[in-house]
Amino acid sequence: MRAAHGRAAALALLAGVAAPRQEAPFTLREVAPGVYAAIDRNAEAGANAGFVIGDDGVVIVDSFQYPKAAERLLAEIRRLTALPIRYVINTHYHIDHVAGDAVFQAAGALVVAQRNVAGWIRSENLKFFGPDQAEERALVAGLPLPDLLVDRSLTIRLGARRLEVRALAGHTGGDLVVAVPDAKVLFTGDLVWRRMTPNLVDATVSRWTHTLEDLERRPGAAGYAYVPGQGDVARLADVVEFRHYLGDLTRAVKSALGSGVRGDALIAAALGPLRTRYGAWGLFETGAPREVPMMAAELAGTKRVPPGSPPGVGVAF
């Protein structure tokens with residue numbers, strides 16, 4: 001079958017007919033002139049990414065869960081511009097956002113991340129894979145360490161275009177957002193999920209909700225497009241709706257704990273009021289049951305977060 005397919009492709013090329021391009025694992029959207037979001041398609045890329053084209057270079061934001069997806073994104077960029085790729089910014093350390101870093105590093109990019117990511121990217125990512133997943137664990141062990149570390153803020157200039165990078169608290173202890181002010185676009189990483197229930201494994205939801213409130217109060221926030229870590233491109237109303245989800249989750253779990261239930265009964269009691277409003281969200285039926293115990297642990301003060309997580313970071317734009 002493979003040989004026959006190869007002969008067919010060769011004949012098509014000889015006949016002057018281009019072989020069909022394999023569908024990308026993401027949908028590429030131009031959110032603003034020179035600013036692109038790569039939206040994960042059917043979990044084939046693992047998460048969202050994006051890039052910004054400036055006057056004298058390109059900046060990538062996140063690099064997917066699979067290096068092959070990163071290679072495809074690089075090819076799409078090269079179809080649009082020959083400008084050098086200067087940086088790849090990791091919005092946090094989770095494997096679904098950093099596994100393609102080496103692809104862009106090999107293309108000349110420096111890897112930028114919040115300072116804590118340097119200590120977590122090769123260690124904390126192991127918790128997502130069991131001892132029988134040798135290939136995945138080897139990928140984690142070989143992830144590039146960041147070249148540039150951000151404590152609180154960083155400004156990147158691509159000629160006249162400016163990118164403002166800020167460390168904010170919530171999803172992990174090492175989150176970055178990337179604003180492109182002239183285009184009115186904000187890459188949020190997993191600090192925003194559009195109509196999808198979030199992963200709380202490293203989260204501090206109380207800080208997260210405050211961060212979202214701060215983002216909503218930014219001057220001009222209503223005019224921005226938001227590229228989330230998961231889900232399609234969002235507007236301010238989607239950010240508000242996501243914050244409401246985190247608040248409703250907190251209240252539902254707190255109420256269930258107050259009634260004395262634990263274990264599976266706690267999960268069922270908390271999901272009941274949430275399902276009415278959020279049951280149609282992506283990952284609700286598979287993800288939300290896993291997150292209820294994590295929310296309960298946060299409320300009880302027993303939740304484990306990565307060592308060295310700061311008590312809270314944040315710089316206003």
Once side-chain hydrogen bond (donor to acceptor under 3.5 Å, both in side chains) is applied, do any residues pair with [X], and if so which ones, sequence neighbours excluded?
X      : answer
Arg243 : Glu216
Arg275 : Glu285
Tyr226 : none
Thr188 : none

Restricting to salt bridge (charged side-chain N to carboxylate O under 4.0 Å, His left out), what partner residues turn up for [X], sequence neighbours left out?
X     : value
Arg78 : none
Asp96 : none
Asp55 : none

For Phe129, which residues count as a ring pair (Phe, Tyr, Trp, His ring centres under 6.0 Å) partner, sequence neighbours excluded?
none

Run through Val58, Leu110, Asp56, Ile156 and flag the one making a side chain to side chain contact (heavy atoms under 4.5 Å, CB included) with Arg86.
Asp56

Under the side-chain contact (heavy atoms from CB on, under 4.5 Å) test, residues paired with Ala268 that sit two or more places apart
none

Just to verify, what does Ser206 make a side-chain contact (heavy atoms from CB on, under 4.5 Å) with, not counting sequence neighbours?
Thr204, Glu298

Is it true that Asp202 and Lys127 have a side-chain N and a carboxylate O under 4.0 angstrom from each other?
yes

Once salt bridge (Lys or Arg N to Asp or Glu O under 4.0 Å) is applied, what residue pairs with a partner in residues 226-236 remain, sequence neighbours excluded?
Arg29-Asp232

Can the ring centroids of Tyr245 and Trp193 be said to lie less than 6.0 angstrom from one another?
no

Taking only distance into account, with no hydrogens and no angle test, what donor-acceptor pairs under 3.5 Å do side-chain atoms of residues 62-69 form with protein atoms, sequence neighbours excluded?
| residue | atom | partner | partner atom | Å |
| --- | --- | --- | --- | --- |
| Asp62 | OD1 | Thr91 | N | 2.8 |
| Asp62 | OD1 | Thr91 | OG1 | 3.3 |
| Asp62 | OD2 | Thr91 | OG1 | 2.7 |
| Asp62 | OD2 | His97 | ND1 | 2.9 |
| Ser63 | OG | His97 | O | 3.4 |
| Ser63 | OG | Val98 | O | 3.3 |
| Ser63 | OG | Gly100 | N | 3.1 |
| Ser63 | OG | Asp101 | N | 3.0 |
| Ser63 | OG | Asp101 | OD1 | 2.7 |

